[in-house]
Amino acid sequence: MDIIQHSIAVGKYLVSPLIRHQDDGNFAASVSIRSGRGSGMHDRVMRFTPRFASHAAAVGYAIDQGLGWVRERNAPLAMPCAG
């Protein structure tokens, strides 16, 4: 198993791409998004179906997906317009 991590801290989250070299020469991408500490720690892992020809492409995809998830959670709620 070939798992290489390049973690990025974003606020309370740690985004870690997990890349695995496949038998066919392609790369599979997953991402771990961790928050909290100790017994309150939560780790969400997403696995993706696309396969990538290069390690760099798999890392880029996993990071983009992980950061997108974090952005969605941190987006301000829209306030209704008073009128």
Side-chain angles (χ1 to χ4, degrees):
M1 182 175 356
D2 181 24
I3 297 177
I4 301 172
Q5 293 185 299
H6 303 279
S7 299
I8 299 171
V10 182
K12 68 178 186 174
Y13 298 102
L14 182 65
V15 177
S16 301
L18 307 167
I19 309 307
R20 186 171 182 178
H21 193 234
Q22 302 292 291
D23 290 338
D24 65 2
N26 289 318
F27 295 87
S30 301
V31 67
S32 163
I33 303 167
R34 183 174 292 173
S35 64
R37 288 207 165 111
S39 63
M41 184 171 32
H42 181 80
D43 192 8
R44 172 180 300 274
V45 176
M46 294 183 278
R47 292 179 181 87
F48 307 111
T49 55
R51 295 297 180 249
F52 302 89
S54 73
H55 180 270
V59 168
Y61 185 84
I63 289 173
D64 287 347
Q65 296 300 309
L67 293 177
W69 187 92
V70 169
R71 275 192 299 275
E72 286 179 14
R73 298 309 171 278
N74 290 328
L77 297 175
M79 296 302 229
C81 296

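Keep in mind the model is a prediction, meaning the values are calculated, not measured.
Interatomic distance, Lys12 NZ to His42 NE2, rounded to the nearest 0.5 Å: 10.0 Å. In this structure, the separation between CG on Asp43 and OH on Tyr13 is 12.5 Å, given to the nearest 0.5 Å.
Classification of the Tyr61-Phe52 ring pair by plane angle, with boundaries at 30° and 60°, yields tilted. Under the 30°/60° scheme for interplanar angles, the aromatic rings of Phe27 and His55 are found to stand perpendicular.
Sorted by first and then second residue, the side chain to side chain donor-acceptor pair (under 3.5 Å) pairs involving residues 22-31 (not counting sequence neighbours) are Asp24-Asn26.
In terms of heavy-atom proximity, Ser32 sits nearest to Leu18 at CB-CD1, 4.1 Å. Taking both residues in full, the closest heavy atoms of Gln65 and Met46 are given as O-CE, 4.5 Å, listed atom of the first, atom of the second, then distance.
No side-chain heavy atom of Leu14 sits under 4.5 Å from any side-chain heavy atom of Ser35.
Considering only residues two or more places apart in sequence or on other chains, Leu67 meets the side chain to side chain contact (heavy atoms under 4.5 Å, CB included) condition with Val10, Val15, Ile63, Arg71.
For Arg73, the CZ atom sits in a packed shell: over 12 heavy atoms of surrounding residues, nucleotides or ligands are nearer than 6.0 Å.
A donor-acceptor contact under 3.5 angstrom links the side chains of Ser16 and Ser7, judged on distance only.
Trp69 and Val45 fall into different hydrophobic clusters, defined by Ile, Leu, Val, Met, Phe, Trp and Tyr side-chain heavy atoms under 4.5 Å apart, directly or through other members.
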